[in-house]
Amino acid sequence: MRRYRTDVLVIGSGLSGLYAALLLAERGLRVVVATKENIEVSNSHVAQGGIATVMDSGADSFQKHRDDTLAAGDGLNRPAVVDFFVRNGPAVIEDLAALGVSFTRHEDGSFDLGREGGHTARRVVHADDITGTEIISALKSRVLADRRIEIWQHHMAVDLITTRKFNLSEENRVVGAYVLSHEGIVVTVEADAVLIATGGCGKVYLYTSNPDVATGDGIAMGYRAGVPVENMEMVQFHPTILYHEKVRSMLISEALRGEGGILKTRDGRTFMEHYHPMKSLAPRDVTARAIDRELKKRGDDYVLLDMTMLDPDFIVHRFPNIFKRCLDAGIDMRREPIPVVPAAHYLCGGLQSTPEGRTCLPGLFVAGEAAHTGLHGANRLASNSLLEAAVMARYAAEEIASWLRGSRRPHHPLPLWSEEGVSDSDEQVVVKQNWDEIRHCMWNYVGIARSDRRLERALKRISLIRQEIAEYYWNFRVTRDLLELRNLALVAELIVRSAIMRRESRGLHYTIDHPAKEPEAKDTVITAGVVVS
Ligand code: SIN
C-alpha cells in the first residue's frame, strides 16, 4: 500500500493521541493512529504520579491550583490558559473513569488524592504508582474495539504534507503526511486533518526519564511545516531518577516526597531547607538545581531519597510498582534510602498552539507535550502534564470535527514519496555517532546550569551535525533511525537557540551569565524558516 485516505491522521499513541482518536471516532470520523512503536510505548504510559485536578472542594479550590501552577511557572504562564485547564480537570477525570480508567479510590468511592512538589493541597488523582499504564491500557482496549479507528503500529511519520509544498492551492494547509511503514515503504496518507500527539524530546539529553521514542518528532515536523515554536529552552529536569549501574531511565515519582520522602546528601544530611521553604517538596526547577549544586560542590554522583521513616506497609501499599522495581535493582526502600539524580523529563515549550490544539497552519492540530499553550510557563507543576494532554485531546477532537464540517479539502491525489536517486546506506555508524554526540553535547552544555559560552559551543556543534545529517538524509533511503536523528538534531538546535535568546534566569532556564530575572516575562519564539529545516 503506497497511498491511504482517512478523515484524520493522529500521530502518536500516548494519552492525547488515543483519547482524541476515540472522541473523533465518536463523532463519526475515520481515524488512523500512526505510532512508531507498539501502541503502549509512550511517555504517558510510564507516567507514575497522576493527573493534578481539584476534586476535594473542601480542602482545595481552582484558585489554589491556579496559584500553584503560576508560582511554579515563574511568571511565564498565561493566566487565562491556566484557568482553562484547571477548570476542565474534573470533567476529564470523570470521562476517563467512565472509559474504564480505574483510579485509586477510598471505600466511599472518592478519589485518593496524592501530593507532589509545588502543590499546596492534595490533588493528584492517580492509579497507585502506575497511573499512565492504567490510563493507556483502558484507552487501548477502547480504541482497538472501535472499527472506525485503525492503529498502525511501527509506523513513523516522515513529514507533513502541505499544499504549499506541492503548489496545490493558494492557501497553505496540511493535507496529510508521509508515513514510513514497518516494511520500509513510505505511505502517502491523505487526511483532512492531522493531530500531532507525539510527546516530548527527552532523548535529546544523555540522561532522561523518557522512553527511547521521545525524539521530538512532532515538534520537528510541525516546525518544518511552518508552525513557530515557543519557549523551547524550558526543559524540565526531574529531580529524582534512579541512579543505578544497570537500570536506565527509571523515574522515582515525586509522589514519594509528597508522602514524606526526604532528600539527603550521601552523608545523610538534609539540604533542601537551604533552597526553598517547601524543602523536599519544592517545585522541580528549584529541587533539580539544588541537587545539581550539591553534587557539584561535593563531587558526589547522586543524592539520596529517604523513605525509611515511613510505615513500611504504607510504602508497599502506596508505591507497589516503584517498591518492586527498586527491590529488583537491589534496593529495599523500606530500609535504605534510594540513590537518585536529576535527568531530562519534560519539555515545557513546543509548537505554538491554542489550548484547544489549533496551530496557525489550517488542518494541523497538536495536543500534549508537543504543544506550547502557556499552561506551564517556565516550569511545569507536577502532574499538570497529563491534565494538559487529556483536556487538549478533548478540545482538539471538538475543534477538528467542527473544522472538518467547514473545510473538507477538494480531493485530488497527493504526490507519492519519491526515492529517486537514493540508495541504502552502508554507513549506519554516521547515525550512531551523531546521535551520541548530540546527546552528550546537550547534557554537558545545555543542561541544568547554562552559560553563554557553553550555549555558543553547543550551537556550533549541533549546526555542524545538522549539516552532515542533511547531506546524508537526501542521499540515502529513509530509515526510522535516520528520521529520529534528523528530528532530534533539529529540536536540539531549537532548544539551544531559544536558550541563547533568553538573557535572564527564569524557571527552568538558569544561566550563570544572566542570573537575574528580567522585569517582564516574555516568550521566546522561533518562527518557521529561521532555523533551516
Ligand atoms: C512523577 O511522578 O514524579 C512525574 C509526574 C510528572 O511528571 O508530573
Side-chain angles (χ1 to χ4, degrees), residues 6 8-12 16-17 20 32 34 36 155-180 186-201 215-230 232 347 349-354 356-373 392 396 399-400 403-404 407 409 414-418 466 469-470 473-474 478 482-495 497-498 525-533:
T6 184
V8 186
L9 170 65
V10 173
I11 309 175
S16 49
V32 168
K36 67 182 180 179
H155 279 67
M156 175 166 183
V158 178
D159 254 324
L160 299 166
I161 306 174
T162 56
T163 47
R164 177 168 299 154
K165 188 167 178 151
F166 296 110
N167 288 324
L168 296 175
S169 73
E170 285 282 296
E171 181 210 32
N172 191 25
R173 60 176 286 183
V174 168
V175 284
Y178 292 116
V179 176
L180 177 68
V186 179
V187 183
T188 304
V189 180
E190 300 175 345
D192 289 318
V194 176
L195 175 68
I196 289 181
T198 46
C201 60
T215 51
D217 305 326
I219 298 167
M221 279 187 289
Y223 182 77
R224 282 195 292 266
V227 182
V229 288
E230 294 178 331
M232 291 291 288
L347 179 69
L351 292 171
Q352 188 183 67
S353 162
T354 66
E356 298 88 3
R358 235 179 224 278
T359 71
C360 61
L361 203 54
L364 183 64
F365 300 80
V366 58
E369 191 175 347
H372 176 260
T373 60
M392 280 193 97
E399 286 278 310
I400 292 171
W403 151 259
L404 290 189
S407 295
R409 73 180 180 85
L414 298 174
L416 293 176
W417 179 256
S418 163
R466 289 195 62 232
I469 295 170
Y473 181 79
W474 295 113
V478 292
L482 179 56
L483 294 173
E484 287 185 329
L485 175 67
R486 178 179 179 237
N487 293 335
L488 197 80
L490 172 57
V491 169
E493 182 164 338
L494 293 170
I495 293 172
R497 283 190 185 272
S498 303
V525 182
I526 304 184
T527 47
V530 168
V531 177
V532 178
S533 53

Rounding to 0.5 Å, atoms OG1 (Thr198) and CD (Glu369) come to a distance of 9.0 Å
Hits for side chain to side chain contact (heavy atoms under 4.5 Å, CB included) against Glu399, two or more places apart or cross-chain, chain-then-number order -> Glu356, Arg358, Phe365
Heavy-atom closest pair (Val525 atom, Pro228 atom, distance to 0.1 Å) is CG1-CB, 4.1 Å
Check your understanding: So do Val229 and Val491 actually touch side chain to side chain, heavy atoms under 4.5 Å?
Key -> no
ask   = Side-chain contact, heavy-atom cut-off 4.5 Å: Phe166 with Ile161?
value = yes
With sequence neighbours left out, the residues meeting side chain to side chain contact (heavy atoms under 4.5 Å, CB included) with Ala489 are Ile438, Arg466, Ile469
Step-by-step side-chain contact (heavy atoms from CB on, under 4.5 Å) determination, Tyr178 to Thr188: CA-CA 5 Å; Tyr178 292 116; Thr188 304; 3.3 Å; yes
Closest heavy-atom pair, Gly222 versus Leu364, reported as atoms and distance to 0.1 Å, is CA-CD2, 4.4 Å
Are any of the side-chain heavy atoms of Trp417 and Val478 separated by less than 4.5 Å?
-> yes
When every non-hydrogen atom of Thr373 is compared with those of Thr354, the smallest separation belongs to CG2-O, 3.8 Å
Between Leu351 and Gly218 the two heavy atoms that sit nearest each other are CD1-O, 3.6 Å
Nearest heavy-atom approach of Leu160 to Ala225 is CD1-CB, 3.8 Å
Heavy atoms, side chains only, cut-off 4.5 Å: are Asn487 and Arg224 in contact? yes
| message | Is there a side-chain contact between Met232 and Ile219 in this structure, where contact means two heavy atoms from C-beta onward sitting under 4.5 Å apart? | response | yes
(message) Any heavy-atom pair between the side chains of His155 and Val189 that's under 4.5 Å?
(response) no
Applying side chain to side chain contact (heavy atoms under 4.5 Å, CB included) to Ala396 and not counting sequence neighbours gives Leu195
Here the gap from Lys36 atom NZ to Leu483 atom CG, rounded to the nearest 0.5 Å, amounts to 9.0 Å
Looking only at heavy atoms, the pair that brings Met392 and Ala371 closest together is CE-CB, 3.8 Å
Give a yes or no answer on whether the side chain of Thr162 reaches the backbone of Lys165 with a donor-acceptor pair at less than 3.5 Å.
-> yes
Contact between Cys201 and Ile495 at the side-chain level, heavy atoms closer than 4.5 Å - yes or no?
yes
#### Entry: 4.5 Å side-chain heavy-atom contact, Met221 and Ile11
yes
Note to self: Closer than 3.5 angstrom, by distance alone: can the side chain of Gln352 be matched with the main-chain N or O of Cys360 as a donor-acceptor pair?
What the structure shows: no
Check: Got a donor-acceptor contact below 3.5 angstrom from the Thr163 side chain to the Leu168 backbone?
Finding: no
- I would like to know whether Thr359 and Ile196 meet side-chain contact (heavy atoms from CB on, under 4.5 Å); could you show each step before the answer? CA-CA 10 Å; Thr359 71; Ile196 289 181; over 6 Å; no
